[in-house]
Number of protein chains: 4
Amino acid sequence: MVINHNGRYKSDRRTLKRLVILRSAAGVFRRRGYDRAGMREIADGLGVTTGVLYYHFRDKGELLYFCQDYSLGRMLEEGARIRREKGAPATRLRRLIEAQLTCMLDELQGSAAHLEFATLPPRLLKKVVAKRDRYERLMRGIVSKGIRAGAFRRRDPKLVTLAILGAINWTIKWYRPDGGQSATKIAREFADYLIKGLA
Amino acid sequence: MVINHNGRYKSDRRTLKRLVILRSAAGVFRRRGYDRAGMREIADGLGVTTGVLYYHFRDKGELLYFCQDYSLGRMLEEGARIRREKGAPATRLRRLIEAQLTCMLDELQGSAAHLEFATLPPRLLKKVVAKRDRYERLMRGIVSKGIRAGAFRRRDPKLVTLAILGAINWTIKWYRPDGGQSATKIAREFADYLIKGLA
Amino acid sequence: MVINHNGRYKSDRRTLKRLVILRSAAGVFRRRGYDRAGMREIADGLGVTTGVLYYHFRDKGELLYFCQDYSLGRMLEEGARIRREKGAPATRLRRLIEAQLTCMLDELQGSAAHLEFATLPPRLLKKVVAKRDRYERLMRGIVSKGIRAGAFRRRDPKLVTLAILGAINWTIKWYRPDGGQSATKIAREFADYLIKGLA
Amino acid sequence: MVINHNGRYKSDRRTLKRLVILRSAAGVFRRRGYDRAGMREIADGLGVTTGVLYYHFRDKGELLYFCQDYSLGRMLEEGARIRREKGAPATRLRRLIEAQLTCMLDELQGSAAHLEFATLPPRLLKKVVAKRDRYERLMRGIVSKGIRAGAFRRRDPKLVTLAILGAINWTIKWYRPDGGQSATKIAREFADYLIKGLA
DNA sequence: TATGAATGAGATTTCATTCAT
DNA sequence: TATGAATGAAATCTCATTCAT
C-alpha cells in the first residue's frame, strides 16, 4: 500500500485491486475470525480464485496486516486531525471517542481487524503494534494533558485510556448494523459516560 | 461436571481429572486463542496424550464449553452474592466490577475463555450465551435500579453496562500478571472511574 | 458427473480425472472393503496425495457413492436395452443375467462397489438404494411377465429374483480373473441353471 | 471353545461366558459389519467394559473367528447328519438348503459372521477357510453324486454349488426377521427353485 | 474377574500455499 | 493476471489394546 506525495493512496490499478481484496478479507475476518477465515472463502466473496490473492499479497498474514494497518491508519488520521484542533480537553476527548467509534462501526463496518494480533509474523507484528501504540499514546496524551490542565480529575492516565479503549473496542463484539442502536447514538452515549468519569 | 449437595463440584477422581485438564486447556486457549490451540498442545502441557482428552471430553468444543461454563459460573456465584447484599447502588456496582476483575485476572489468570463463542456447536452455544446473558442482566439490573433510585444519573442502562463490560473484558488483552499493575489496583481504579461516570 | 446429450459422460479434463480416481478407488474397495480401504491407499495407487482426492470429491463417502452409482448405471443401461428387445421371457432373462455378470466380472473387474451400502450418509444412501431398487424391479418385471405369460412356472417372483441376484452378486466373493472359470462361461452356466429353475 | 467327549461344548462357567460374549458380538458384526463394530459397542451390549472381552478373547479377530467357527460348525453338524441319511439326491439337497437357511436366518438370526473373512489374521483365516471349504465340498458332493446317479442334469457341480451358496448367503443382506417372508417359507421356495434347476 | 484410565497408531479431512499453463 | 490442480503439513478424532488396581 503505497502512499504518494498527496498523502493519498496511489490509485493505480494495482492498488485499487488490493483495496478491493482487503475489503472482502476484512469482512470475512470480522465474521469468522482470522483463523477460521479461509483464503478460499475470501476469494469466493470476490468471485476469483485464491491464486489472485497470492498475486497481490505475499500470504494470509500480509492480508491481515494490511487490514489492521489500514484501520489503524484511518484512526490515526482522525486522531492527528483532532489533536491539532483547539478546544477543551473534554471536547477533544469526545471527538476522539466519537471518531473511533464511527470509524470502527460505520466506516469499517465493525471490521476492526486491528484487534487480532497474535497471528502475525514478528516482522509485521512489530509494525502494527507500533502503530497501535501510537494511537494509544495519542489518546493517553489527551487524557494526561487534561489532567495536568486541571480539566480532568487526577487518575492513572494509562488505566483510564485502557478502560476507554476497552469499552470502544468491545463494541464490535455486540454491535449489529441493523440492531436497535445506531453507531451515532452509541458514540454519543459512550463519550458522555466515559468523559463524565474524568470530571 | 456434577455439583453435589454442598454446591461444590464433586471431588471424585473423574471430576478432579476433568478440572486438571480444563485448567491446562484454559491456559492454552488464553495464550493462543481457541482455533490456534491444538489438542496436542493441551495434552502436552499435561504430559499426556490427546486420547486422554477425548476420554474425558467428547471433543474440543466441549473443552471450550466447560471453560466458559466454569468461568461464567464463578462470576455468577459472586454476582448472586453481591446482589443479595444491602448497600448503596454505587457500592454494589463497585463490588461487582471488582469481583469480576479479580475473578478474571487473578483466579482464572486471564483465562476468560468465556469470551470466545463463535466456535461452539449450537447446542452448547445456546447454553453458554444464556449464562452470559444472565450475568449481563445481573449487572444491568444493578445499574437500572441505581438510576431508578436516583443514585445514578439517567443513562441508557444497556449501553452503560456494555461499556463497563467492555472495559473489564478487554483487560485480558493487555493484562500481564507480572506487569506493573496489580489486579487489585486495576480493579479499584476501574471501579472508581466507571462508577464516577454514573454519578 | 455430468452426462451430455450423447448420453455419455462428458469428457472434459475434470471428469476424466474423476473417472481415473474412481477406477482406483473401486479397485481398493473391492480388494479391501470400504472400511479398510484408506484414502492414502487409494491415492498411492494413483501416485498422488490424498489432497487430490478431496479436490475432486467431497469425501470418502462420495467416492463410494460414485462407484456404486456408476456400476448401477451401467447395469441399468444394459437392462433397459434388454427390456426393449423382443423375445421370449427366457431369452430376455438370460440376456439380463449374462449382461450383469459380464458387467460385474469383466467390465468392472469385480468392483461391484454397489454391494456395500451401510456406510453412505443418508442423502446418498437414498439415491443409491433407489437405483438399486429400480434394477431389482426391472429383473422382477421380466420374471413376473414370464409367469403371467405362462412361460415360467408359478413362483413368488420376488423370492426368485432375490435368489438370482444372490447367486450373481455372490460371484464377486469368489471370482478370480485369472482363475479357472472365464466370466463368459460363468455367465452361460448361471443363466442355464437359474432359468431352468423357472421352467 | 473346547469340545468334550460328548461332542458338546463344555459347559463350565468360562465357556458359558464366552458364548454370551459371542452372541453379542455376532449381533453387532451383523448389524454394523466387522470393521465398524467397536469393541466398546460389543461390550456395552453386554453391560460390561472392554477389558472383559480381552479377558476372554485374545483380540477382536479371535472374536470374529469364533463367530465364524461356531456358525460353520453348526452348518457342518447339520450337513453331516444329512449326508448320513438315506434318500434321493434331490431330497438330501433340499434338506441341506433348508437346514442352512434355517440355521442362518433363524438360529443365528442372520449373523452369518462366516461371510466376512478378509480381516482375519493368517493363522485363523486358514482354519476358517478350511472349514468353509469342507462345507462347500459337502454340498458339492451331494450335487455331484446326484449327477453321476443320473438324478440331476449334467452341469458343472462347482458352479452350481456356488450359485446355490450365493443365493443362500445373500439372504442375510435383505432378510428381516419381522418382514413379510418367514424363514421357513424362504427355505422352501429357495429349495424348490434351486433344485428344479438341476432337474 | 472386572474396571477405569491411558496409549499410540492411524484415519479422514482441511487449508495455506505453489506452480505450470 | 488468473486459473486449476496439486502438495504437504497439521489438525481432530477413533479405536483396539494394555495395565495397574
Side-chain angles (χ1 to χ4, degrees), chain A residues 13-14 17 21 34-43 46-64 119, chain B residues 12-14 16-18 21 34-43 46-63 119, chain C residues 12-14 16-18 20-21 34-43 46-63 119, chain D residues 13-14 17 34-43 46-64 119:
Chain A
R13 240 186 314 193
R14 177 112 197 205
K17 189 61 185 267
I21 292 173
Y34 176 78
D35 283 298
R36 302 182 76 80
M39 293 297 267
R40 262 261 183 62
E41 207 173 348
I42 294 169
L46 292 164
V48 297
T49 57
T50 57
V52 175
L53 307 181
Y54 284 90
Y55 183 79
H56 289 281
F57 295 90
R58 175 198 297 269
D59 57 20
K60 195 183 173 187
E62 213 170 52
L63 220 42
L64 177 60
T119 332
Chain B
D12 54 15
R13 233 178 303 163
R14 180 127 201 179
L16 277 180
K17 188 59 184 266
R18 283 168 76 102
I21 292 173
Y34 177 77
D35 283 299
R36 303 184 72 81
M39 294 298 267
R40 261 266 183 53
E41 208 174 346
I42 295 170
L46 293 164
V48 298
T49 58
T50 58
V52 174
L53 307 182
Y54 287 92
Y55 182 76
H56 290 280
F57 295 89
R58 177 193 299 273
D59 56 20
K60 195 182 172 187
E62 212 172 54
L63 217 43
T119 333
Chain C
D12 54 16
R13 231 177 305 162
R14 179 127 202 179
L16 277 179
K17 189 59 184 268
R18 283 167 77 101
V20 169
I21 292 173
Y34 175 78
D35 283 299
R36 302 182 75 80
M39 293 299 266
R40 261 267 186 48
E41 208 174 347
I42 295 170
L46 292 164
V48 298
T49 58
T50 57
V52 174
L53 307 182
Y54 287 91
Y55 182 76
H56 290 281
F57 295 90
R58 179 192 296 272
D59 57 20
K60 195 182 173 189
E62 213 173 53
L63 219 42
T119 334
Chain D
R13 237 187 315 192
R14 176 110 196 207
K17 190 60 185 267
Y34 176 77
D35 282 299
R36 302 182 75 79
M39 294 297 267
R40 262 263 183 60
E41 207 175 347
I42 295 169
L46 292 164
V48 297
T49 56
T50 58
V52 175
L53 306 182
Y54 285 90
Y55 184 80
H56 289 282
F57 295 90
R58 177 197 296 270
D59 57 20
K60 195 182 171 186
E62 213 171 52
L63 220 42
L64 177 60
T119 332

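Just the heavy atoms: all of them, side chains too, but no hydrogens, waters or symmetry mates, feed the values below. In the text below, chain A, chain B and the rest are named by the order of the sequence lines, each starting its count at 1.
Rounded to whole Å, atom P of E:dA11 lies 8 Å from atom CD of C:Glu41. The interatomic distance linking B:Arg14 (CZ) with E:dT3 (P) rounds to 14 Å, in whole Å. To the nearest angstrom, C1' of F:dT12 lies 16 Å from CG of C:Asp59. To the nearest angstrom, P of F:dT17 lies 22 Å from OH of B:Tyr54. In this entry the distance linking CG of D:Asp35 with P of E:dA11 reads 12 Å, nearest Å. Protein atom CG of A:Leu46 is 15 Å distant from nucleotide atom C1' of F:dT3, rounded to whole Å. B:Lys60 has its NZ atom 4 Å from the P atom of F:dT12, to the nearest Å. In this structure, A:Leu53 atom CG and F:dG4 atom P are separated by 13 Å, rounded to whole Å.
Within 4.0 Å of D:Ala43, counting heavy atoms only, lies no atom of the nucleic acid at all. A:Gly51 comes within contact range of at least one nucleobase, with a heavy-atom separation under 4.0 Å.
Counting non-hydrogen atoms of neighbouring residues, nucleotides and ligands closer than 6.0 angstrom, the CZ atom of C:Arg36 exceeds 12 such neighbours.
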Structure string for DNA chain E in dot-bracket form, Watson-Crick and G-U at under 3.5 Å, | interchain: .||||||||||||||||||||
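When side chains are defined from C-beta on, C:Val52 does not count as touching C:Leu46, because their heavy atoms never get closer than 4.5 Å. Side-chain contact between A:Lys60 and A:Thr119 is absent, with no heavy atoms from C-beta onward closer than 4.5 Å.
For D:Thr50, the side-chain atoms get nearest to F:dT17 when compared with the rest of F:dA2, F:dT17, E:dA6. For C:Lys17, the side-chain atoms get nearest to F:dA6 when compared with the rest of E:dT3, F:dC13, F:dA6. Side-chain proximity of D:Thr49 to F:dT3, E:dT3, F:dT7: nearest is E:dT3. Closest contact between the side chain of A:Met39 and the listed nucleotides E:dA16, F:dT17, E:dG4 involves E:dA16. Closest to the side chain of B:Tyr55, from the set E:dG4, E:dT3, F:dT3, is E:dG4.
Annotation: the span from C:Arg14 atom CZ to C:Tyr55 atom OH amounts to 5.0 Å, rounded to 0.5 Å. One distance of note links CG of C:Leu63 with OH of C:Tyr34; it measures 8.0 Å at 0.5 Å rounding. A distance of 11.0 Å separates OG1 in C:Thr49 from CE in C:Met39, rounded to the nearest 0.5 Å.
Within the 4.0 Å cut-off from OP1 or OP2 of F:dG4, not a single side-chain nitrogen or oxygen of C:His56 is found.
The nearest pair of heavy atoms linking C:Phe57 to C:Ile21 is CE1-CG2, 3.7 Å.
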